[in-house]
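Keep in mind that what you see is a predicted model, and the values were worked out from it rather than measured. The first residue of the sequence shown is numbered 1, and numbering continues consecutively from there.
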Amino acid sequence: MERVTHTEKKQGVIWHTQGSGKSLTMLYTAYKLRRAEVLNDPTIYLVVDRKDLKDQIGDTFLDCVFPNARQVMNVGDLKSIIKNKPAGVYITTIQKFNELGSIADERDNVIVLIDEAHRTEYGDYQMELRAVFPNAKRFAFTGTPIPKTHREFGIKGEA
């Protein structure tokens, strides 16, 4: 919360061991971010790399009756969301970003929470995501401590 609301830092890594509640941490983080007045009704994207993870996290948000949260159904749905810029929480897969073309949301109150980021935040996937959300704050959630993830997102005390 502090990094999103009170610093110029635009990214970070949140590390969890497997089975320790990463989905719940994402839910609580999204909840607090959505309620932060300083963010002016933000849009939050939870980005995963597999459909089963999208369903798992989507079910977690649904079970908790999270307001204004839903899964992105297809590329056309994602394009519509990005174009219309509604506030809320949108759960999608990283692969959809490869099919968006030149569409972009340049607002600075977009936050991207990336699950299993050690698998997606390099190469084409991360380039497409950054092109679509050039001013977004991005946070990598991972259960795998990989030095490359720390180089991309920084470690405690670094930008």
Would a single hydrophobic cluster contain both [Y] and [X], if residues Ile, Leu, Val, Met, Phe, Trp and Tyr are joined by side-chain heavy-atom contacts under 4.5 Å?
X     : Y      : result
Val65 : Tyr90  : no
Ile94 : Ile103 : yes
Leu62 : Leu113 : no
Met73 : Ile44  : no

How far does [atom1] of [X] sit from [atom2] of [Y], to the nearest 0.5 angstrom?
X     : Y     : atom1 : atom2 : result
Ile91 : Leu53 : CD1   : CG    : 11.5 Å
Lys96 : Lys79 : NZ    : NZ    : 13.0 Å
Arg50 : Gln56 : CZ    : CD    : 8.5 Å

Within-4.5 Å side-chain heavy-atom neighbours: [X] and [Y]:
X      : Y      : result
Tyr31  : Phe61  : no
Leu100 : Val75  : yes
Gln71  : Ile57  : no
Val47  : Thr93  : no
Phe139 : Val112 : no
Ile114 : Arg138 : yes
Val132 : Asp105 : no
Ile81  : Pro86  : yes

What closest approach, in Å, do [X] and [Y] show between heavy atoms, and which atom pair accounts for it?
X     : Y      : answer
Leu78 : Tyr45  : CD1-CE2, 4.0 Å
Ala36 : Met1   : CB-CE, 3.9 Å
Ile82 : Ala104 : CG2-C, 4.0 Å
Asp49 : Gln95  : O-NE2, 3.0 Å
Phe66 : Leu27  : CE1-O, 3.7 Å

Please answer whether the main-chain N or O of [Y] pairs with a side-chain N or O of [X] as donor and acceptor at a distance below 3.5 Å.
X      : Y      : value
Lys137 : Ile111 : no
Thr29  : Thr25  : yes
Lys54  : Val72  : yes
Asn109 : Leu39  : yes
Asn135 : Glu106 : yes

Ionic contact status for Lys85 with Asp41, cut-off 4.0 Å
no
